[in-house]
Amino acid sequence: MSLFKNQNIKIYNSISKNKEVFKPINEGAVGMYVCGPTVYSNVHLGNCRTFLSFDLVFRYLNHLGYKVRYVRNITDAGHLENDADSGEDRIAKKARIEEIEPMEVVQRYTIDFHNTMAKFNALPPSIEPTATGHIVEQIGIIKEILKNGFAYEKNGSVYFDVLKFNESHHYGRLSGRNLEDMVTNTRELDGQSDKKNPQDFALWKKAEPQHIMRWPSPWSDGFPGWHLECTAMSTKYLGEHFDIHGGGMDLKFPHHECEIAQSEAYNEQNPVNYWMHANMLTLNGQKMAKSTGNNILPNEIFTGNNTILSKPFNPTVVKFFMYQAHYRSILDFSNDALEAAEKGYNRLMEAFNNIGKLPIEAKTSWNLEDWKQSCYDAMNDDFNSPILIAQLFEAAKFINAVKDQKATITEKDLEGLKATLSAFIFEVLGLQDVDSESSNTGKLSDIVNLLINLRNEARANKDFATSDKIRDELAAIGIQLKDGKEGTTFIL
RNA sequence: GGCAUCGUGGCCGAGGGGCUAGGCACCGGUCUGCAAAACCGUCUACUCCGGUUCGAAUCCGGACGAUGCCUCCA
């Protein structure tokens with residue numbers, strides 16, 4: 001029997017602002033769409049947080065036995081830099097700067113994005129469609145919206161008529177905005193726009209002569225509006241009405257609001273049951289954003305090549321750090337917080353690796369079933385990874401107690417404990433055991449072990465001058481010796 | 001200016017009317033030739049001012065502050 005039959009998930013639905021019991025449209029199956037990156041530069045850490053948040057959702061749903069179709073797009077069509085008609089396509093701009101073809105930019109940064117997510121051990125989505133691969137579908141939707149009277153054409157561009165739409169529908173439902181307020185608060189643009197109202201948004205834009213990325217359409221040679229691609233691709237792969245739509249908090253308005261409007265204007269369907277928004281990662285208290293330069297690249301963290309951190313950090317440690325905060329909370333990135341996370345992570349992994357060394361007894365002095373359910377409870381409560389991690393530390397404490405013979409466990413429970421821990425640490429959180437992979441291999445390891453043996457001989461002879469010299473000089477190179485009951489180990 | 005979200009101990013972060021997570025640091029202890037590492041223990045906090053309540057960090061109102069969105073952004 002699938003686990004999901006016993007575990008009831010609650011999801012915070014951005015549109016109702018409440019936690020709601022999750023009930024998929026089709027029992028046992030989940031359709032999830034997440035807005036992916038615009039591939040015009042290296043993916044930054046803030047982007048990664050959002051995708052890691054939804055990776056957790058994907059992994060947990062999978063763990064529970066749901067059949068999940070997870071669609072995450074790549075925005076490669078390029079969109080205007082500002083709202084004025086003369087704005088330049090960002091991908092084209094980047095291409096001009098780097099003197100390469102626009103699709104070369106797209107290719108380069110798509111690869112970077114995939115590499116980075118792989119380092120974080122994020123699962124690839126089930127389908128990863130591109131905007132440029134769905135121009136036909138987007139044109140099809142525009143035609144329908146025009147036919148339904150919620151869009152108008154002007155000078156080869158097509159705009160969504162927000163005021164008209166709002167007469168019969170509710171524009172602003174998701175973001176809690178009121179169209180009348182928006183109209184009164186909007187400052188006038190320079191009057192260059194073809195739009196009837198500043199709130200209207202483009203479904204299709206006629207391309208200026210210098211614009212490289214362009215496709216033919218009934219209205220002009222041009223390119224689709226940004227909001228449209230998600231409507232087209234989510235509809236194509238998940239249907240007109242699907243379960244979960246996710247994205248960064250910054251996409252709530254206008255992007256997701258416009259998606260809802262487009263879907264309703266297209267087919268009178270509320271497209272999404274559960275809207276999920278992952279909160280921002282801040283750096284120095286400010287949102288990380290490519291456009292402002294306030295960002296740090298994942299690779300700069302992994303290599304240590306940056307001005308913010310004192311040392312390199314492994315991707316899995318960065319991920320663990322992120323999961324110690326709830327996805328709906330703003331999280332501030334700092335050296336101190338990362339170092340604290342790294343130590344905690346090491347403690348957890350060490351406890352996990354000690355499971356095999358535990359003594360077996362006739363009784364278990366701990367309620368394993370309650371603990372296990374508390375892990376599920378944490379995740380069921382809107383994917384509360386910080387509480388899950390707290391529960392994992394409870395298990396670590398218990399493991400250490402058994403090791404010190406202050407608690408006991410049976411063979412059967414030991415297996416159960418290991419299976420549950422393994423499921424949550426590796427399967428659900430998607431963490432990796434980096435320590436056991438890296439340090440104990442190769443010639444370096446042999447050399448260090450040789451020195452360890454020499455030191456231990458010196459210690460046995462009470463030649464502490466020599467033994468301390470070996471220890472201290474290794475430490476100066478960056479190799480730390482750890483004396484334990486079962487001998488001496490080292491970490492780099 | 002409008003719309004949101006948030007303000008928790010030295011730091012990071014959960015929780016969300018009485019049962020008061022977790023991690024890191026500090027301090028104390030076990031271990032050690034001494035250390036380090038590891039493990040154990042300790043540390044009781046919710047911006048301010050009113051209100052509701054037997055009881056508020058938690059609910060309501062206000063003030064102050066922070067952040068996000070209102071233009072492309074995860």
* **Residue matched to C34(B) through Watson-Crick or wobble contacts both under 3.5 angstrom** => none

* With a 4.0 Å cut-off on heavy atoms, is Gly176(A) in touch with a base, just the backbone sugar-phosphate, or nothing at all? -> sugar-phosphate

* Take the protein atom CZ of Phe321(A) and the nucleotide atom C1' of G22(B), then report the distance between them rounded to whole Å. => 15 Å

* Please tell me which of the listed nucleotides, G33(B), C39(B), G68(B), lies nearest to the side chain of Arg347(A)? => C39(B)

* Do His227(A) and Glu257(A) have side-chain atoms, one donor and one acceptor, less than 3.5 Å apart? -> no

* Checking only heavy atoms, does the side chain of Arg471(A) share a donor-acceptor pair with the base of C34(B) at less than 3.5 Å? -> yes

* Gap between atoms CG and P, on Asn400(A) and C40(B) respectively (whole Å) -> 5 Å

* To do: Figure out the CZ/P separation between Phe333(A) and C24(B), and round it to whole Å.
  => 19 Å

* To do: If the plane angle is over 60° it's perpendicular, under 30° parallel, otherwise tilted; pick one for Trp366(A) and Phe398(A).
  => parallel

* Asked: Which one is paired to C54(B), where only Watson-Crick or G-U wobble pairs with both distances under 3.5 angstrom count?
  -> G18(B)

* Side chain of Asp468(A), base of G33(B): donor and acceptor closer than 3.5 Å? -> yes

* **Residue matched to G61(B) through Watson-Crick or wobble contacts both under 3.5 angstrom** => C49(B)

* To do: Could you state the atom-to-atom distance from CD of Glu342(A) to P of A25(B) in whole Å?
  => 11 Å

* Asked: Quick one: is the NZ or CZ of Arg459(A) closer than 6.0 Å to the six-membered ring centre of Phe464(A), and within 45° of its axis?
  -> no

* Modelled atom types, side-chain donor and acceptor of Glu229(A) and Asn73(A), under 3.5 Å -> yes

* To do: Please determine, for G10(B), whether a Watson-Crick or G-U wobble partner exists with both distances under 3.5 Å, and give it or none.
  => C24(B)

* To do: Would you mind reading off the distance between His326(A) atom NE2 and C6(B) atom C1', rounded to a whole angstrom?
  => 14 Å

* Return yes if the base of A74(B) and the side-chain atoms of Asn279(A) contain a donor-acceptor N/O pair under 3.5 Å, otherwise no. => no

* Atom SG of Cys48(A) and atom CE of Met288(A): how far apart are they, to the nearest 0.5 Å? -> 9.5 Å

* Asked: Nearest to the side chain of Leu331(A) - G13(B), A74(B), A38(B)?
  -> G13(B)

* Protein-nucleotide distance (Asp382(A), atom CG; G15(B), atom C1'), rounded to Å -> 14 Å

* Answer with yes or no whether the side chains of Asp377(A) and Ser374(A) bring together a donor and an acceptor at under 3.5 Å. => no

* For Ser53(A), answer base if it contacts any base atom (sugar-phosphate contacts may also be present), sugar-phosphate if it contacts only those atoms, and nothing otherwise; contact means non-hydrogen atoms under 4.0 Å. => nothing

* Of all the choices, A74(B), G22(B), C70(B), which nucleotide is nearest to the side chain of Arg177(A) once you look at every atom? -> C70(B)

* Figure out the CG/P separation between Leu251(A) and U71(B), and round it to whole Å. => 14 Å

* Contact class for Lys397(A) vs. all strands (heavy atom < 4.0 Å): base, sugar-phosphate, or nothing? -> sugar-phosphate

* Pair assignment for C69(B), Watson-Crick or G-U wobble, requiring both distances under 3.5 Å -> G2(B)

* **Nearest to side-chain heavy atoms of Lys287(A), which nucleotide of A74(B), C40(B), C34(B)** => A74(B)

* Asked: Counting side-chain heavy atoms from C-beta on, which of G33(B), A74(B), A14(B) comes nearest to Asp250(A)?
  -> A74(B)

* Asked: Hey, what's the ring geometry for Trp275(A) with His256(A), parallel, tilted or perpendicular (30° and 60° as the breaks)?
  -> tilted

* Structure fact -> When rounded to whole Å, the CG to P distance for the pair Leu348(A) and C39(B) reads 11 Å

* Look at all strands and tell whether Ala278(A) reaches a base, only sugar-phosphate, or nothing, counting heavy atoms closer than 4.0 Å. => nothing

* Asked: Do the numbers put Arg72(A) on top of the ring of Phe54(A), so that NZ or CZ is under 6.0 Å from the six-membered ring centre and no more than 45° off the axis?
  -> no

* Describe the nucleic acid contact of Thr282(A) in one word from base, sugar-phosphate, nothing, applying a heavy-atom distance below 4.0 Å. => nothing

* **Nucleotide of C40(B), G33(B), A74(B) approaching Thr50(A) most closely (side-chain heavy atoms)** => A74(B)

* Among A37(B), G33(B), A74(B), which nucleotide sits nearest the side chain of Lys482(A)? -> A37(B)

* To do: Give a yes/no verdict on base stacking between G33(B) and Phe464(A): centres under 5.5 Å, planes within less than 30° of parallel.
  => yes

* So what does Glu339(A) hit on the nucleic acid, given a heavy-atom distance under 4.0 Å: a base, only sugar-phosphate, or nothing? -> nothing

* Under 4.0 angstrom, heavy atoms only, what part of the nucleic acid is Gln391(A) near: base, sugar-phosphate, or nothing? -> nothing

* Candidates C70(B), G13(B), A36(B) - which lies nearest the side chain of Phe253(A) -> C70(B)

* Output the single nucleotide from G33(B), G22(B), G13(B) whose closest atom is nearest the side chain of Ala325(A). => G13(B)

* Of all the nucleotides listed (C24(B), A74(B), G33(B)), which has the minimum atom distance to the side chain of Lys343(A)? -> C24(B)

* Asked: At under 4.0 Å between heavy atoms, what does Gly172(A) touch on the DNA or RNA strands: base, sugar-phosphate, or nothing?
  -> nothing

